[in-house]
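Here is the structure we will look at, set down as structure tokens.
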Amino acid sequence: MSGSGWTSSSVSYAKPQAAGSPDAWSQEAAAKGRRGTQRIVHAGEQAAPADAATLLGLETGAPVVVRRRVIELDGEPVELTDTYYPAHLAAGTRLAETAKIPGGAVTLLAALGHTAARIVEEVTALLPTADQCDQLRVTPTEPLLRISRATLDADDRPFQADVMFMPAHRQHLCYEMTIG
């Protein structure tokens with residue numbers, strides 16, 4: 001959040017948490033004296049929409065598990081996130097349920113043998129839909145940032161895709177890259 005000096009790194013969201021730890025978002029917010037929560041509004045299997053299928057290297061309509069969340073900071077919605085997993089990895093796991101996962105989904109994925117080696121993100125800006133206006137409490141003229149993220153394993157296979165929407169005026173994106 002730029003207004004509050006908020007800077008976040010995607011890397012912390014790709015690392016498994018220690019046993020018994022809260023998810024990365026809750027930890028990050030708490031470290032800044034804030035309260036980060038999320039509401040899981042839907043979880044289950046569905047046909048992959050085109051954007052998620054592309055990120056996961058699947059055919060549009062292939063079976064995926066999706067977790068749809070509203071991310072909140074101090075009780076205010078700051079992000080809408082849909083996270084997709086290939087059904088062969090996630091069906092029948094806690095990823096397909098609406099209950100929170102101890103340590104977050106990344107920790108469960110690591111326990112299932114799927115850890116991140118590379119993340120690819122694409123950032124675009126657009127105006128919100130009526131539903132996004134309601135959920136994020138913004139006006140139709142306030143632009144959103146859309147971040148599409150593919151998480152890949154050491155063999156360069158994608159196993160998680162995130163499509164996130166957040167009010168642009170509340171964000172400060174900071175990317176750090178190690179070359180070589």
Side-chain angles (χ1 to χ4, degrees), residues 1-3 6-16 23-25 28-29 36 38 40-43 46-73 77-90 95 104-106 108-110 114-133 135-180:
M1 310 261 148
S2 58
W6 194 275
T7 301
S8 179
S9 168
S10 297
V11 174
S12 63
Y13 295 92
K15 293 180 180 177
D23 61 85
W25 169 240
E28 181 179 8
Q38 56 184 296
I40 303 160
V41 296
H42 172 80
Q46 71 174 51
D51 55 351
T54 298
L55 290 166
L56 290 170
L58 302 171
E59 295 288 325
T60 298
V64 293
V65 167
V66 62
R67 286 175 69 84
R68 185 161 288 125
R69 297 169 290 146
V70 177
I71 310 300
E72 297 176 336
L73 181 63
V78 295
E79 181 181 317
L80 305 175
T81 299
D82 288 354
T83 303
Y84 300 89
Y85 311 93
H88 71 276
L89 299 179
L95 295 168
V106 172
L108 174 61
L109 285 163
H114 307 286
T115 57
R118 186 165 74 97
I119 293 174
V120 178
E121 288 187 349
E122 179 178 297
V123 181
T124 55
L126 68 161
L127 292 176
T129 64
D131 188 47
Q132 290 167 334
C133 285
Q135 291 183 56
L136 290 169
R137 301 179 191 155
V138 296
T139 68
T141 59
E142 292 178 272
L144 299 181
L145 295 179
R146 179 185 189 271
I147 301 176
S148 300
R149 176 189 300 152
T151 304
L152 300 96
D153 65 17
D155 294 322
D156 221 31
R157 291 180 302 226
F159 63 89
Q160 178 176 316
D162 297 284
V163 180
M164 300 163 270
F165 294 92
M166 53 197 74
H169 69 283
R170 297 181 199 158
Q171 301 304 317
H172 174 209
L173 301 178
C174 179
Y175 291 90
E176 180 178 338
M177 297 170 210
T178 302
I179 308 300

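Checked against salt bridge (Lys or Arg N to Asp or Glu O under 4.0 Å), Glu72 has the following partners two or more places apart in sequence or in another chain: Arg39. Partners of Asp156 under the salt bridge (Lys or Arg N to Asp or Glu O under 4.0 Å) rule, at least two apart in sequence or in another chain, are Arg118.
Residues Val65 and Leu95 come closest through the heavy atom pair CG1-O, 3.5 Å. In plain terms, the two heavy atoms of Gly36 and Ala29 that are nearest each other are N-CB, 3.3 Å. Here the closest non-hydrogen pair linking Phe159 and Leu152 is CE2-C, 3.8 Å. Closest approach of Glu142 and Leu127 over heavy atoms only: C-CD2, 4.3 Å. Minimum heavy-atom separation, Pro158 to Pro86: O-CG, 4.4 Å. Taking every heavy atom of both residues into account, Ala125 and Leu145 meet most closely at CB-CD2, 4.3 Å.
Side chains of Thr83 and Val66 form no contact here, defined as non-hydrogen atoms less than 4.5 Å apart.
Within the model, atoms CE of Met166 and CD of Gln171 stand 5.0 Å from one another, a figure rounded to the nearest 0.5 Å. Interatomic distance, CZ of Arg68 versus CD of Gln46, reported as 6.0 Å (0.5 Å rounding). If you take CD on Glu79 and CD on Gln38, they are separated by 9.0 Å, rounding to the nearest 0.5 Å. In this structure, the separation between CZ on Arg157 and OG1 on Thr151 is 14.0 Å, given to the nearest 0.5 Å. Here the OG1 atom belonging to Thr81 is positioned 11.5 Å from the CZ atom belonging to Arg67, to the nearest 0.5 angstrom. Taken from CG in Leu173 to CD in Glu121, the straight-line distance is 8.0 Å, to the nearest 0.5 Å.
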Take Ser148 and Leu55, measure what side chain to side chain contact (heavy atoms under 4.5 Å, CB included) needs, and give me the verdict at the end. CA-CA 8 Å; Ser148 300; Leu55 290 166; 4.1 Å; yes

Evaluation steps, side chain to side chain contact (heavy atoms under 4.5 Å, CB included), between Arg170 and Val138: CA-CA 11 Å; Arg170 297 181 199 158; Val138 296; 3.7 Å; yes

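The side-chain contact (heavy atoms from CB on, under 4.5 Å) with Arg69 is formed by just one residue from the set Asp82, Asp162, Leu80, Val41; it is Asp162.
Heavy-atom neighbours of Glu59 CD from other residues, nucleotides or ligands within 6.0 Å: at or below the threshold of 12.
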